[in-house]
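Since the structure comes first, as structure tokens, the remarks are kept for the end.
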Amino acid sequence: MTQTPEELRDIIKGTIDGLTSFVESECIPVEQQYRDILKNEARLFGDDGRLVPEILEARDEIRRKSAKAGYWTMFAPESIGGDELPAPVSVHLLEALYRKYGAGHLMIGFSNAFLTTPVISSFVDGPSHMYAQVNETVLTEIVPFLMAGEKTTCFGATEPDAGSDLWNMKCKARKVGDEWVINGTKQWITNSPYADYAVIFAVTNDEKYAKRNMFDSGVTCFIVDTKQPGVDTDTIFPVMGHVSSDCGNVVFEDAKVKEEYILGNLDQGLLSAMAGISEGRLAIASSMVGLAEWALDMSLQYAKERHTFGRPLADRQAIQWMLADSAIEIFNAKYATLRTAELVQEYPSTGRVPIKEISIAKAYAVEMCQAVCDRAIQIHGGMGLSNELGLEEAFRIARTLRIPDGTSEMQRRTIAGQLLRGDTVF
Ligand SMILES: Cc1cc2nc3c(=O)[nH]c(=O)nc-3n(C[C@H](O)[C@H](O)[C@H](O)COP(=O)(O)OP(=O)(O)OC[C@H]3O[C@@H](n4cnc5c(N)ncnc54)[C@H](O)[C@@H]3O)c2cc1C
């Protein structure tokens with residue numbers, strides 16, 4: 001459904017107002033209730049690296065409430081019961097969320113250790129455009145639980161020898177009778193310790209896979225119950241400055257999956273993967289714009305309040321230039337991201353997937369946010385490094401996000417590839 005600009009503006013405002021009030025009434029009080037645990041990782045994680053039960057239950061409860069209130073699934077396809085709000089709404093919403101709350105809110109948005117949010121579903125942990133075409137079994141047996149926020153997924157593409165290079169996968173599925181038998185290891189999988197289902201990619205046709213054709217890759221996407229025999233999610237990795245994280249391994253040893261649990265089409269799994277990853281890249285870019293704005297807001301306030309040598313920091317040209325550089329970069333990233341979202345929204349009429357633009361937005365916004373947070377820390381002096389303000393966490397989030405959903409180098413590879421193929425329109 002296409003909206004008029006006025007309708008879109010109203011949807012954006014209504015969604016931001018609604019979500020903010022949801023966060024204020026459902027997330028902030030929970031963060032206050034568990035403040036002592038959330039601020040102390042020795043108490044936040046158990047010996048097995050998983051969140052302690054009360055925090056896990058609190059996050060699960062927020063997700064279920066968000067689903068009931070309609071926020072969890074607002075970007076999911078209408079065909080599975082979502083609102084399918086257009087991409088520009090997502091950009092404005094994530095920007096507003098991160099500008100208001102900043103970093104380190106485990107009950108609201110992602111922290112460095114938790115790269116998903118319990119309030120809005122992403123392709124990683126819940127309903128997304130990857131479910132636009134699902135068969136009856138998945139639609140009736142799995143999707144309702146994902147839509148209700150009662151169960152979550154993880155997205156398993158990366159392997160020990162296949163990160164940037166997804167043409168080096170070792171994970172294979174072989175048809176035995178009417179079942180597929182999966183063997184292999186998926187690595188660095190966000191939400192793997194908690195996911196009820198792993199949405200994973202395995203080679204099903206070696207011949208096709210050797211030809212490296214994205215559209216008919218010989219890779220198939222399966223939805224696998226993580227509690228079933230032959231699936232192990234015990235390994236969890238500590239991530240950048242944290243004692244644990246929500247990233248781990250999903251290991252398959254003769255895990256059996258029925259044909260009906262294929263997502264999308266047989267041998268065309270990389271198309272599903274790219275649909276999810278593209279959505280994720282735009283969401284990351286939007287969040288980075290909001291997080292950078294939050295860091296700049298903090299910098300402006302501090303520069304006005306903090307005096308050195310008898311004058312506020314804000315009077316010094318060295319500080320002003322840092323503020324201005326951040327503003328220039330935020331403006332550029334914001335409008336690159338918004339324009340990309342418009343191109344995504346226009347896809348049904350143009351038939352053009354903005355491949356280059358999605359990569360530009362992701363690479364630029366993440367690198368921009370890291371630079372803005374770095375300047376914000378510098379402007380705050382010693383305070384910038386204190387754990388209290390959240391600036392160091394914001395810096396680490398931005399730094400972390402230069403790797404997942406395609407590294408900065410892979411985005412540049414994609415951009416250059418498109419340019420060389422003749423896609424030079426800006
Ligand atoms: C916090 C976090 C969460 C993640 N979540 C998920 C998830 O939920 N699901 C999932 O499937 N994966 C996930 N990943 C994996 C992530 O997508 C990969 O780490 C990423 O794609 C890079 O792969 P790699 O780590 O194997 O690095 P490599 O591919 O080995 O790359 C190493 C370095 O070399 C560079 N490089 C590689 N090839 C080239 C080239 N041709 N030209 C120039 N430079 C090159 C890379 O940019 C990088 O800097 C996550 C990773 C992290 C850190």
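Remember, it's 1-based here, ligands and their atoms both numbered in the order they're listed.
A salt bridge links Lys175 with Glu259: the closest approach of a Lys/Arg side-chain nitrogen to an acidic carboxylate oxygen falls below 4.0 angstrom. In this structure, Arg174 pairs ionically with Asp206, as a charged nitrogen and a carboxylate oxygen lie closer than 4.0 Å. Here Arg339 pairs with Glu346 in a salt bridge; the nearest charged N to carboxylate O distance falls below 4.0 Å. Between Glu409 and Arg412, no side-chain nitrogen of the basic residue sits less than 4.0 Å from a carboxylate oxygen of the acidic one, so the salt-bridge criterion is not met. With salt bridges taken as basic N to acidic carboxylate O contacts below 4.0 Å, none links Asp405 and Arg281. Look at Glu329 and Arg375 and you find a salt bridge, because one of the NZ, NE, NH1 or NH2 atoms lies within 4.0 Å of a carboxylate O, short of that distance.
Within a 4.0 Å radius of atom 38 (N) of ligand 1, the protein contributes one or more non-hydrogen atoms. Atom 33 (C) of ligand 1 lies below 4.0 Å from none of the non-hydrogen atoms of the protein. Atom 30 (O) of ligand 1 lies below 4.0 Å from none of the non-hydrogen atoms of the protein. There is a protein heavy atom less than 4.0 angstrom from atom 21 (O) of ligand 1.
Only the side chain of Leu115 comes within contact range of ligand 1, with a heavy atom under 4.0 Å; no backbone atom does. By the criterion of a heavy-atom distance under 4.0 Å, the side chain of Cys247, and not its backbone, is placed next to ligand 1.
For an aromatic pair to be called close, the ring centres must be under 6.0 Å apart, and Phe155 with Phe201 satisfies this. A distance below 6.0 Å separates the ring centres of Trp180 and Phe222.
Listed by atom number, the atoms of ligand 1 under 4.0 Å from Ile403 heavy atoms are 19 (O), 20 (C). Listed by atom number, the atoms of ligand 1 under 4.0 Å from Ile189 heavy atoms are 7 (C), 8 (O), 9 (N), 10 (C), 11 (O).
The option from Ser164, Gly163, Ser122 that lies nearest to atom 28 (P) of ligand 1, judged by heavy atoms, is Ser164. Counting only non-hydrogen atoms, the option in Pro404, Ala195, Pro160, Gly280 that gets closest to atom 2 (C) of ligand 1 is Pro404. Nearest residue to atom 40 (C) of ligand 1 from Met240, Gln411, Met410 is Met410 (criterion: closest heavy atom).
Between Glu409 and ligand 1, a contact under 3.5 Å exists for at least one N or O pair. For Thr407, a nitrogen or oxygen atom sits less than 3.5 Å from a nitrogen or oxygen atom of ligand 1, counting backbone and side chain alike. Inclusion of Ala157 in the set of residues having an N or O under 3.5 Å from an N or O of ligand 1 is warranted.
Nearest heavy-atom pair, Tyr98 versus Trp294, reported as atom, atom and distance to 0.1 Å: O-CB, 3.5 Å. Among all heavy-atom pairs drawn from Ala295 and Cys373, the shortest one is CB-SG, 4.1 Å.
Of all protein heavy atoms, the one closest to atom 9 (N) of ligand 1 is Phe155 O, 2.7 Å. Protein heavy atom closest to atom 7 (C) of ligand 1, with residue, atom name and distance, is Trp188 O, 3.3 Å. Taking atom 15 (C) of ligand 1 as the reference point, the nearest protein heavy-atom neighbour is Thr158 OG1, 3.2 Å. Nearest non-hydrogen protein atom to atom 8 (O) of ligand 1 is Thr190 N, 3.0 Å.
In this structure, Lys39 forms no cation-pi arrangement with Tyr34, as its terminal cationic atom is not both closer than 6.0 Å to the ring centre and no more than 45° off the ring axis.
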